[in-house]
J.: 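Please find one structure pasted underneath; my questions will follow.
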Amino acid sequence: MADDSFLNDLPKQYDHAAAQEKWYPFWEEQGYFHSEPNPDRKPYTIVIPPPNVTGALHLGHALNNTLQDILIRQKRMQGFETLWMPGTDHAGIATQAVVEKRLFLDEKKTRHELGREGLVARIWQWKDAYEKRILGQLKEMGCSCDWQRTRFTLDPVCARAVRHTFFSLFKEKLIYRGNRLVNWDTHLQTAVADDEVFHETVPGHFWHFRYPVIDLEPGEPTHVTIATTRPETMLGDTAVAVHPDPETTLEGVIAGLKDRLASAPAKEKPDLEKELAAAEKRRETHLPLLIQLRDMAKAGRKLMLPLVNREIPLVADEWAKPELGSGCVKITPAHDPNDYEVGLRCALPMVNILNPEGTLNANAGPYEGMTILDARKAVVASLEEQGLMMEVEDRIIELAHSDRSKTPIEPYLADQWFVKMDHLAQTAMDAVTDHRVRIIPERYTKTYLDWLREKRDWPVSRQLWWGHQIPIWYCATATEKELEAAFAGRDDVVWYRDEEQDQWLICVEEEDLAEDAVPGHTLTREQDVLDTWFSSALWPHSTLGWPEENEALKYYYPTSVLITSRDIISLWVARMVLAGLHNCGEVPFPDVYIHPKILDGYGEGMSKSKGNGVDPIDVMEKFGADSMRFGLAYITTESQDVRMPVEFECPHCQALIEQTKKNRVQPRVKCKKCDGEFSTQWAEKPEDKALPRGPVVSERFEFARNFCNKLWNASRFALMNLEGYVPGPVPEEDLTVEDRWILSRLATVTAQVTDALAAYKYADAARTVYDFAWNEFCSFFVEMVKTRLQEETSRPVAQRVLAHTLDTILRLLHPMIPFLTEEVWQMLGKIAPQRGIAALCDAAPSIMVAPWPEADTERQDDQIEAQFACFQDVLKAVREIRSRQNVPPKKEIEFSVRCEASYADLVRPLEPYFLSLATARATGWGPEIAAPALSANVTLTGVEVFVDLADLIDVEAEITRKEDEVGKLEKLVAGKKGKLANANFVERAPEAVVQKERDALADLESQLAAAQSVLEKLRDRK
RNA sequence: GGGCGAUUAGCUCAGUUGGUUAGAGCGCUGCACUCACAUUGCAGAGGUCACUGGUUCAAAUCCAGUAUCGCCCACCA
């Protein structure tokens, strides 16, 4: 006898917190998350996109990880040996920046006061704290990662992979060092990548000033005028450029404008005309001067750079646009990307005027030591003093800022390390074009290929302390012979001569080199660390222990799918593909699924800096992990990003306060309902921090919470009614119509959910099972089974079908709703340990390891489904009449149905259910049924439902309703008639479509006739 | 500047290869709480599918253009 005492204590509402606390540790103890290579099963592997240890997870992470766990759990149930590899990313610059910021805020200390070791130790502490928090959040979400394999991009296993990769790229000469212009973050004192730079518009000025011409000859201009938004950079100017062919270029511009004007729409013409007039005027005013200057440039003439009194050449270069400004442009190769290119083309010296921390260096002469802004003021003042300053315009400037420190970026010349991309990029492109890697949705392949096509070399060095230090040692003094002697017999050391710097670059594969590794010489190690993406690029194989040849790597690599967001397709996905191909000779994954982005109610991305970010922990506390997961899966459609309006929840009265662009950046917000105040993430002052915190939540998860609760209660009903359950096969003839209907639908739904998940159609899977569980299982099957459970004879079969159907629904939902399904599974196992209709199965000890349902296609029965649909139609008609006639719920009514005899035969077996589902009793079925004298009526296709309510009926209401119905039907009939009267349609449309329309017309006409006849009767009786 | 995507009910979204009277959830209206569930049930109202053209017997769906919004990439002395 099963112990079912727990049934008395089941709460009416699903207690998500209790279930989560109970089952996650259980799964862990059972070792279900852990995977080992198993030759008897196929592997299914996902590596987590490692979250940055900079902070806690946000809702985007919750979505990303939910989608991964859904696949992992499903595949595990399908019998794959599943590995979900978890881990975190050290996120070099981002993490160092937050820790430095904290250090300064809390202790007023800079990293220089702590030193490299001290700071790195602090960052490890930070990492430990946040890694714990991140992994904790994943566990709370129910993620079934193999925690025993947890990796960190900076741990020894990953470090070894980084060293080996760097070494082999260096050996193949795919890594080089060069003096290049980089985006310099003067605050963090490091180069940052292009993608770590954002632009912000700020008000600024556009200064026009002039440089004197040296050795002036008669008829020549005394000065050359140039303009800039950054006048202090003139200290680093090494030339002024003018276009080599201003005549043709200007003519070209004018011709182009004329062409455009000819074909432009009227509303753009005035602007174009203005532009053309300006260009033509310029031909008169500027061109002669530009030609003269060009000739002077070709003659090698020089200008005097004021303030620092340096002679600089006038050069001819196409970068100077004759149609813009004065037509001349100052060239500062060390501090501007375009000027840098000009500098290379014209072999100009590159004068760096900046110190790493953003002050001016000795090259700036009298301005040495000043900050950029101070120098700017001083330079402007000096130029004015010397009468060289012309006009000053106000101008809005798009200023580059560092994403990490939020301070302005300075273009800066520095020694940097690069990975040569031409060949590597090509391999990554080929992998996608020949479909070894498939990107889903497909449109993102364009993003991927477009970026790779540029094949821009990848700058991989960062002047940071937190990261993989570049394994290069420098030696300027040794000879090649000495190196050969020192590293004789070692194939883990290679060296090249750096001609630019006149020194040896020595790279070693694994062990660090000692200072005195080359006798008689001192080696110094490169201080820079590698770009974070360098280690992330190796993630799919480094986590499996590469370069070590081990069983896990062989078994799990390549992984099965990568699930990520679109903003890192180029940064990460492309680099993983090329690194995987380079290191392992195989793509890292055959599929890349790009999921939607979660936006707020204004259509903006969520971020901490906007204050609209939702913390998954808050969502789970309010709705439960199951609801969050289901809600996220439900919105994951292929086509679209998703808007999720967010609200503050008042901690005093739980009222929801709409988030506006205004209040979401305030440190405190007042509740509109209870007037209580609460703090937000912006609270910094003690008086704000003292207030209770108002979490940012979204009501979008409510429907999922309701669904979970519905399931919980349906399960509760089933459990409470399985008393005396005896397992056993059910003979086919014992199945009722509703049994066969639900089993048919169950087979279809099982197939649909399985197919949807295989195609990454999460929303389809979620919607399908939601509709089935709620609208078919709960609303019909459970309701209908109630009466059968009351009777001894029908009870056993009813119980078996009920248990089996619930069992299958639970398994279909488990990947999305893991905790609730396990909770019910365990209870169901106690009462009904063996389940099934034809063949019996012992319930698995956990739903996590239960087999994924197979669609029982033999049970799919269109006829039964059609029969059931008829029943549902009539039931709905009866309910509608009840409702619109305001019949009290407990009052029993009678109805009759005029229909074909065959229709009557279909529905009659289900006749008793009209009583339990609509408190209604059928008095007659068939073609001979006559309309009662006074009736409420619903007309269906070939079917009329009558309720004789004699003196209770609200005749007036029925007349109005019927009139509306007749009007509507008349319109439809007219529409159809028109369509069929169109010879074109009848001739050209496929016969089947035409026939369909004819049938529809006939049907509508009969409905109309029926409705009219009822209406007439009602009018007569009035 | 280049590319990608979106625009369907008050809100958030579905809508297969063009083909019945365009759907769901929330919200709204009415009715109903001993009987699994009020986080519920039953019923109802609510849409010129952004706009303008085109293709077609037939367009929410295909094509072109316009408008608005979002995202990515590049660039701006």
Side-chain angles (χ1 to χ4, degrees), chain A residues 10 12-14 194-195 199 206 226-230 233 240-241 265 319-321 324-326 328-332 336-339 342 397-398 441 443-444 446-447 450-451 454 566-567 569-570 597 599 601-605 623 627 634-635 637 639-645 698-700 702-721 763-764 767 770-771 775 778-779 782-783 786 876 879-884 886-890 917-918 968-969 971-972 975-976 979 982-990 992-994 996-997 999-1001 1003-1004:
Chain A
L10 292 184
K12 284 186 174 187
Q13 285 181 13
Y14 168 51
D194 290 345
D195 40 75
H199 295 264
F206 197 48
I226 44 91
T228 180
T229 56
R230 300 190 306 154
T233 59
V240 167
W319 169 238
K321 304 274 183 285
L324 289 178
S326 70
C328 298
V329 54
K330 65 194 272 301
I331 303 296
T332 323
D336 181 280
N338 292 303
D339 293 6
V342 178
I397 300 166
E398 288 268 324
R443 62 176 179 276
Y444 293 115
K446 192 170 161 52
T447 312
D450 284 354
W451 185 81
E454 307 221 354
R566 78 172 98 88
D567 34 349
I569 291 175
S570 45
K597 220 177 139 98
L599 311 171
Y602 299 102
E604 296 176 20
F623 299 106
S627 308
Y634 196 87
I635 61 174
T637 56
S639 61
Q640 258 203 314
D641 289 345
V642 142
R643 279 190 192 212
M644 193 171 270
S698 178
E699 288 303 277
R700 294 290 132 177
E702 209 166 41
F703 84 94
R705 193 248 340 247
N706 294 353
F707 177 57
C708 287
N709 201 54
K710 185 75 182 175
L711 269 176
W712 170 253
N713 278 294
S715 306
R716 205 160 67 94
F717 167 82
L719 293 165
M720 292 188 296
N721 285 282
D764 284 359
R767 279 159 218 250
Y770 176 97
D771 290 341
N775 299 331
C778 289
S779 294
V782 168
E783 289 305 323
K786 280 177 181 170
K876 189 165 170 63
R879 282 171 165 177
E880 189 189 323
I881 293 168
R882 288 195 69 109
S883 175
R884 72 178 198 240
N886 251 322
V887 181
K890 280 170 201 158
L917 299 184
K968 208 168 133 194
L969 285 166
K971 257 193 206 160
L972 290 169
K976 285 270 178 271
K979 201 168 181 184
N982 182 346
N984 269 332
F985 170 67
V986 181
E987 279 165 30
R988 301 203 198 180
V993 172
V994 177
K996 224 172 174 183
E997 289 296 306
D999 294 348
L1001 176 61
D1003 178 38
L1004 284 170

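In what follows, every chain begins at residue 1, and chains take the letters A, B, ... in the order their sequences are listed. What's counted below: heavy atoms across the whole structure, side chains too, no hydrogens, waters or symmetry copies. Being a predicted model, the structure only gives us computed values, none of them experimental.
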J.: Rounding to the closest angstrom, what is the interatomic distance between A74(B) and G2(B) at atom P?
T.: 16 Å
J.: With rounding to the nearest 0.5 angstrom, report the NZ to CG distance, Lys979(A) to Asn984(A).
T.: 13.0 Å
J.: Indicate yes or no for a side-chain donor-acceptor contact from Thr229(A) to the backbone of Phe206(A) under 3.5 Å, with no hydrogens or angles considered.
T.: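 Checking the backbone N and O of Phe206(A) against the side chain of Thr229(A), no donor-acceptor pair under 3.5 Å is found.
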J.: Would you give the length of the straight line joining atom NZ of Lys971(A) to atom NZ of Lys976(A), rounded to the nearest 0.5 angstrom?
T.: 14.5 Å
J.: Could you work out, with salt bridge (charged side-chain N to carboxylate O under 4.0 Å, His left out) as the rule, every residue matching Lys321(A), not counting sequence neighbours?
T.: none
J.: Tell me: CD of Glu699(A) to P of C13(B), nearest whole Å?
T.: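 Going from Glu699(A) (CD) to C13(B) (P), I get 16 Å.
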J.: Calculate the interatomic distance between Phe985(A) atom CZ and A58(B) atom P; express it in whole Å.
T.: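 So the two atoms are 10 Å apart, to the nearest Å.
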J.: What's Pro990(A) touching, base or sugar-phosphate or nothing? Going by heavy atoms closer than 4.0 Å.
T.: base
J.: Look for any protein N or O under 3.5 Å of an N or O in nucleotides 5-8 of chain B and output each such pair with its distance, or none.
T.:
| unit_1 | atom_1 | unit_2 | atom_2 | d |
| --- | --- | --- | --- | --- |
| A6(B) | O2' | Gln640(A) | NE2 | 3.2 |

J.: Identify, with sequence neighbours excluded, every residue that meets side chain to side chain donor-acceptor pair (under 3.5 Å) alongside Asn706(A).
T.: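 By the side chain to side chain donor-acceptor pair (under 3.5 Å) rule, Asn706(A) matches no residue at all.
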J.: Taking the same atom, P, in A45(B) and in U61(B), what whole-Å distance lies between them?
T.: 27 Å
J.: Just how far, in rounded Å, is C1' of G19(B) from CG of Asn982(A)?
T.: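 Distance, rounded to whole Å: 14 Å.
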J.: If you assign Ala320(A) and Val993(A) each to the RNA chain B nucleotide with the nearest heavy atom, which residue ends up on the more 5' nucleotide?
T.: Val993(A)
J.: Both Lys597(A) and Thr637(A) contact RNA chain B. Which one's nearest nucleotide lies toward the 5' end?
T.: Thr637(A)
J.: Suppose you measure atom C1' in G47(B) against the same atom in C13(B); what distance do you get, rounded to whole Å?
T.: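 My reading of the C1' atoms in G47(B) and C13(B) gives 14 Å.
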J.: I need the CZ-P distance between Arg566(A) and G70(B), as an integer number of Å.
T.: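 Going from CZ in Arg566(A) over to P in G70(B) covers 14 Å.
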J.: At 4.0 Å (heavy atoms only), tell me whether Thr332(A) reaches a base, stays on the sugar-phosphate, or touches nothing.
T.: nothing
J.: Rounding to the closest angstrom, what is the interatomic distance between G65(B) and G70(B) at atom P?
T.: 22 Å
J.: Can any side-chain N or O of Asn713(A) pair as donor or acceptor with the backbone N or O of Asn709(A) at less than 3.5 Å?
T.: yes
J.: Would you classify Cys708(A) as touching base, sugar-phosphate or nothing, given that sugar-phosphate means primed atoms plus P, OP1 and OP2, and contacts are heavy atoms under 4.0 Å?
T.: nothing
J.: Please list, pair by pair, any protein nitrogen or oxygen found under 3.5 Å from a nitrogen or oxygen in nucleotides 10-12 of chain B.
T.:
| unit_1 | atom_1 | unit_2 | atom_2 | d |
| --- | --- | --- | --- | --- |
| U12(B) | O4' | Arg700(A) | NH1 | 2.8 |
| U12(B) | O3' | Arg643(A) | O | 3.1 |

J.: Using 0.5 Å steps for rounding, measure from the OG1 atom of Thr637(A) to the CZ atom of Arg767(A).
T.: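 The OG1 atom of Thr637(A) sits 7.0 Å away from the CZ atom of Arg767(A).
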J.: Could you grab the distance from atom CG of Leu10(A) to atom CE of Met720(A), nearest 0.5 Å is fine?
T.: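 Rounded to the nearest 0.5 Å, the CG-CE separation comes to 7.0 Å.
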J.: Atom CH2 of Trp451(A) and atom C1' of A74(B): how far apart are they, to the nearest Å?
T.: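 Roughly 14 Å, once rounded to whole Å.
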J.: Quick one: list whatever passes salt bridge (charged side-chain N to carboxylate O under 4.0 Å, His left out) with Arg884(A), sequence neighbours left out.
T.: Glu880(A), Glu958(A)
J.: Within this structure, what is the CG-to-C1' distance between Asn886(A) and U29(B), rounded to whole angstrom?
T.: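 Answer to the nearest Å: 13 Å.
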J.: Considering only the C1' atoms, how many Å lie between G25(B) and U21(B), rounded to the nearest integer?
T.: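 These two C1' atoms come out 22 Å apart once rounded.
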J.: Distance check, P atoms only: A50(B) and A22(B), in whole angstrom units.
T.: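 Straight-line distance between the two P atoms is 15 Å.
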J.: Mind checking salt bridge (charged side-chain N to carboxylate O under 4.0 Å, His left out) for Lys968(A) and listing every partner two or more places apart, or none if nothing turns up?
T.: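 Lys968(A) satisfies salt bridge (charged side-chain N to carboxylate O under 4.0 Å, His left out) with no residue once adjacent residues are dropped.
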J.: Could you tell me whether the phosphate oxygens of C4(B), OP1 or OP2, come under 4.0 Å of any side-chain nitrogen or oxygen in Thr447(A)?
T.: no
J.: Quick one: list whatever passes salt bridge (charged side-chain N to carboxylate O under 4.0 Å, His left out) with Lys446(A), sequence neighbours left out.
T.: Asp450(A)
J.: Quick one: which of A77(B), G25(B), A32(B) gets closest to the side chain of Phe703(A)?
T.: G25(B)
J.: Does Lys710(A) make a cation-pi contact with Tyr14(A), if we ask for NZ or CZ under 6.0 Å from the ring centre and within 45° of the axis?
T.: no
J.: How about Arg566(A) and Ile569(A): do any of their side-chain heavy atoms sit closer than 4.5 Å?
T.: yes
J.: Holding to ring-ring contact (aromatic ring centres under 6.0 Å, His included), I want the full list of residues that pass it with Tyr770(A), two or more places apart in sequence or in another chain.
T.: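 In terms of ring-ring contact (aromatic ring centres under 6.0 Å, His included), with neighbours along the sequence ignored, Tyr770(A) is linked to Tyr634(A), Phe707(A), Trp774(A).
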J.: Quantified in whole Å, what is the C1' atom distance between nucleotide C51(B) and nucleotide G46(B)?
T.: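 That atom pair is separated by 23 Å.
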J.: With pairs defined as Watson-Crick or G-U wobble and both distances under 3.5 angstrom, please note down RNA chain B as a dot-bracket string, | for pairing with another strand.
T.: (((((((..((((.....[...)))).(((((.......))))).....(((((..]....))))))))))))....
J.: Taking only residues two or more places apart in sequence, or in another chain, which ones meet Arg700(A) in a side chain to side chain donor-acceptor pair (under 3.5 Å)?
T.: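 If we apply the side chain to side chain donor-acceptor pair (under 3.5 Å) test to Arg700(A), skipping adjacent residues, there are no hits.
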J.: Whole Å only: how far is the CD atom of Glu454(A) from the C1' atom of A74(B)?
T.: 8 Å
J.: Within the sub-3.5 Å range, which N or O atoms of nucleotides 20-24 of chain B have a protein N or O partner, and how far apart are they?
T.:
| unit_1 | atom_1 | unit_2 | atom_2 | d |
| --- | --- | --- | --- | --- |
| U20(B) | O3' | Lys976(A) | NZ | 3.0 |
| U21(B) | OP1 | Lys976(A) | NZ | 2.1 |
| U21(B) | OP2 | Lys976(A) | NZ | 3.3 |

J.: Say you draw a straight line from CZ of Phe703(A) to CZ of Phe623(A); how long is it, rounded to the nearest 0.5 Å?
T.: 10.5 Å
J.: Tabulate atom names and distances for all N/O pairs under 3.5 angstrom spanning the protein and nucleotides 35-45 of chain B.
T.:
| unit_1 | atom_1 | unit_2 | atom_2 | d |
| --- | --- | --- | --- | --- |
| A36(B) | OP1 | Lys786(A) | NZ | 3.3 |
| A36(B) | O3' | Arg716(A) | NH2 | 3.3 |
| A36(B) | O2' | Asn713(A) | OD1 | 3.1 |
| A36(B) | O2' | Arg716(A) | NE | 3.2 |
| A36(B) | O2' | Arg716(A) | NH2 | 2.5 |
| A36(B) | N7 | Lys786(A) | NZ | 3.2 |
| A36(B) | N6 | Glu783(A) | OE2 | 2.9 |
| A36(B) | N3 | Asn713(A) | O | 3.0 |
| A36(B) | N3 | Ala714(A) | N | 3.3 |
| C37(B) | OP1 | Lys12(A) | NZ | 3.1 |
| C37(B) | O4' | Asn713(A) | OD1 | 3.0 |
| C37(B) | O2' | Asn713(A) | ND2 | 3.4 |
| C37(B) | O2 | Lys710(A) | NZ | 3.1 |
| C37(B) | N3 | Lys710(A) | NZ | 2.9 |
| U39(B) | O4' | Asn706(A) | OD1 | 3.4 |
| U39(B) | O2' | Asn709(A) | ND2 | 2.7 |
| U39(B) | O2 | Arg705(A) | NE | 3.0 |
| U39(B) | O4 | Gln13(A) | OE1 | 2.1 |
| U40(B) | O3' | Lys710(A) | NZ | 3.2 |
| G41(B) | OP1 | Lys710(A) | NZ | 3.3 |
| G41(B) | OP1 | Trp774(A) | NE1 | 2.4 |
| A43(B) | OP1 | Lys876(A) | NZ | 3.4 |
| A43(B) | O2' | Ser883(A) | OG | 3.1 |

